[in-house]
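In what follows, a single structure is set out as structure tokens and then discussed.
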Protein chains: 2
Amino acid sequence: MATTPLTLDALVATSRTLLVEGGPDAIVVREVARRLGVTAPALYRYVRGRDDLLTLLITACTDEVTAACLDALKACPPDDVEGRIRAATLAFRAWALQHRPEFGLVYGTPLMHYAAPEGGPTVDAGQRFGGLFGSLFVEALAAGRLRTVDDGVLSPGVRASLAATASRLGLPMRPGEVRPFIVGWHRMLGIVSVEVAGHLRWVFGEDASAFAEEQLEELLADLLVPVAS
Amino acid sequence: MATTPLTLDALVATSRTLLVEGGPDAIVVREVARRLGVTAPALYRYVRGRDDLLTLLITACTDEVTAACLDALKACPPDDVEGRIRAATLAFRAWALQHRPEFGLVYGTPLMHYAAPEGGPTVDAGQRFGGLFGSLFVEALAAGRLRTVDDGVLSPGVRASLAATASRLGLPMRPGEVRPFIVGWHRMLGIVSVEVAGHLRWVFGEDASAFAEEQLEELLADLLVPVAS
DNA sequence: TACTCTGTGTGAACAGTGTTCACCCGACCT
DNA sequence: AGGTCGGGTGAACACTGTTCACACAGAGTA
């Protein structure tokens with residue numbers, strides 16, 4: 001009866017379709033099974049339960065947005081660090097806008113009922129993404145384009161956290177150099193999150209693109225020093 | 001049997017308790033009824049259904065955060081516009097951190113199953129909050145502290161949206177003056193959203209306060225020109 | 001061939017969910 | 001006393017995630 005071979009990928013793909021069609025609540029075990037031409041208990045041979053399905057889906061989406069950013073980078077000259085950060089940032093935003101439900105699942109308000117398994121695949125995928133973005137800032141640092149700060153001006157707690165993050169991601173940077181990376185990540189995520197969630201709709205209606213892109217550009221200007229030339 | 005008088009307020013309060021205890025999914029009609037010493041169908045005399053409950057709850061929380069900001073303003077000298085914007089911003093963030101589930105409901109990823117009634121009480125409450133924040137920027141403008149831009153540099157779409165927003169909120173400002181207000185709202189919401197959602201946990205662990213407050217301070221510096229004196 | 005073992009899918013069941021329905025009871029008004 | 005009506009009830013329907021005993025097909029082996 002199973003029209004589809006019933007693989008993990010098929011489970012994830014079907015779950016994702018449901019997510020897109022009706023939000024996280026629409027990811028219903030019985031419906032996933034139904035669409036795969038099978039009854040619900042069959043899925044429990046492949047997956048521990050609904051939460052497991054969500055974990056797989058979040059991981060897949062995180063990897064997909066990472067791949068999208070990598071893809072955008074391939075079209076960029078390796079020495080144009082500003083262009084590369086811009087490309088990755090815009091690719092992130094584009095993916096988010098094109099896949100709002102998935103973005104909400106990964107970077108939105110955490111589902112309180114669902115807890116990501118500690119040290120599980122979702123955090124791994126998150127680190128992969130962090131590593132990609134971090135490497136762009138390493139490039140910027142090497143090119144002398146990064147607007148860094150002295151370690152001394154950082155509060156001890158922040159300095160320690162930044163140092164730990166750099167070492168965990170394998171980034172050869174001191175805290176004052178990591179900071180723009182974290183600021184960039186933080187503000188970018190904020191800008192995109194608010195836009196995707198629609199919290200600017202009362203101002204800009206359905207299309208806040210112009211404003212959001214301006215904000216991202218302003219962020220870039222804050223992070224990087226202008227070309228010396 | 002009804003230990004509590006069974007008012008709309010009681011319904012909202014109970015729903016909120018459930019939200020805090022277990023997230024949006026934990027707002028269960030039957031459980032609300034149970035805690036009020038009544039059976040589920042009884043609630044349908046007061047509320048059209050679960051979505052109605054959510055609408056009331058979102059409205060109540062929006063009004064509460066508005067009140068919290070207003071309260072913080074009362075302790076501020078009326079002529080210190082920077083201090084007032086800072087106070088309101090910090091009050092917003094403090095409320096968000098102290099009421100993470102409620103904040104998620106109001107300003108987080110929209111629940112796809114739930115659609116706020118158009119022109120309903122939730123958007124009214126949202127406008128009340130927007131009006132409060134907007135008035136602070138009117139003060140800043142009057143004091144000559146606002147970092148405005150020329151209308152001419154704005155793209156036509158953005159300019160029109162800003163003008164419409166100003167007139168809808170009754171703010172006597174031209175688009176280039178409204179812009180810092182929207183930028184402030186946008187970035188503040190981004191900063192607080194990302195912090196509350198815990199998406200900085202991988203960097204700063206459980207307490208990202210120092211970093212988040214720095215970011216808010218930086219935002220203020222971007223919005224306001226230093227005192228002339 | 002016959003027998004077992006394993007992987008995979010099924011139907012029934014349990015305890016939940018939101019919502020609707022017929023019903024009922026007590027208070028109030030005439 | 002009789003009627004009306006707001007407010008509460010129990011039963012029911014169609015869902016949900018999950019577990020359980022069971023069945024069936026194919027592989028490996030005596």
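No hydrogens, no waters, no symmetry mates; every other heavy atom, side chains included, goes into these values. What you see is a predicted model, and the numbers here were worked out from it, not measured in a lab. In what follows, chains are A, B, ... by sequence order, proteins preceding strands, each numbered from 1.
Across all strands, Leu43(A) comes closer than 4.0 Å to no nucleic acid atom at all (heavy-atom distances). Using a 4.0 Å heavy-atom criterion, one finds that Ile27(A) contacts the sugar-phosphate atoms exclusively.
Tyr46(A) places its OH atom 6 Å from the C1' atom of dT8(C), with the value rounded to the nearest Å. Summarising the geometry, the separation between CG on Leu53(A) and C1' on dG17(D) is reported as 12 Å, rounded to the nearest angstrom. In this structure, Asp52(B) atom CG and dG18(C) atom P are separated by 14 Å, rounded to whole Å. Regarding Asp51(A), its CG atom lies at a distance of 12 Å from the C1' atom of dT18(D), rounded to whole Å. Rounded to an integer number of Å, the gap from CG of Leu18(A) to P of dG17(D) is 10 Å.
No donor-acceptor contact under 3.5 angstrom links the side chains of Thr14(A) and Arg34(A), judged on distance only.
OP1 or OP2 of dT16(D) sits under 4.0 Å from a side-chain N or O of Arg34(A). Listed pair Tyr44(B) / dG7(D) fails the phosphate criterion, with no side-chain N or O lying under 4.0 Å from OP1 or OP2. Within the 4.0 Å cut-off from OP1 or OP2 of dT10(C), at least one side-chain nitrogen or oxygen of Thr39(A) is found.
Checking dT17(C), dT16(D), dG10(D) against every side-chain atom of Val28(A), the shortest atom distance belongs to dT16(D). With dA11(D), dG11(C), dG7(D) as the candidates, the nucleotide lying closest to the side chain of Pro41(B) is dA11(D).
For dT18(D), its base sits under 3.5 Å from the side chain of Arg30(A) at one donor and acceptor pair at least.
No close placement of the Trp185(A) and Phe211(B) rings is indicated, their centers lying 6.0 Å or farther apart.
Residue order along DNA chain C, read from the 5' end via each residue's closest nucleotide, puts Arg45(A) first among Arg45(A) and Glu31(B). Along DNA chain D, the nucleotide closest to Ala42(B) and the one closest to Arg48(A) are compared, and the more 5′ of them pairs with Ala42(B).
Tested against Pro175(A) for a side-chain contact (heavy atoms from CB on, under 4.5 Å), the candidates Leu162(A), Ile182(A), Val158(A), Thr165(A) yield a single pass: Leu162(A).
In this structure, Asp222(A) and Val183(A) have side chains that are not in contact, with every pair of non-hydrogen atoms separated by 4.5 Å or more.
Taken from SG in Cys69(A) to CD in Glu64(A), the straight-line distance is 11.0 Å, to the nearest 0.5 Å.
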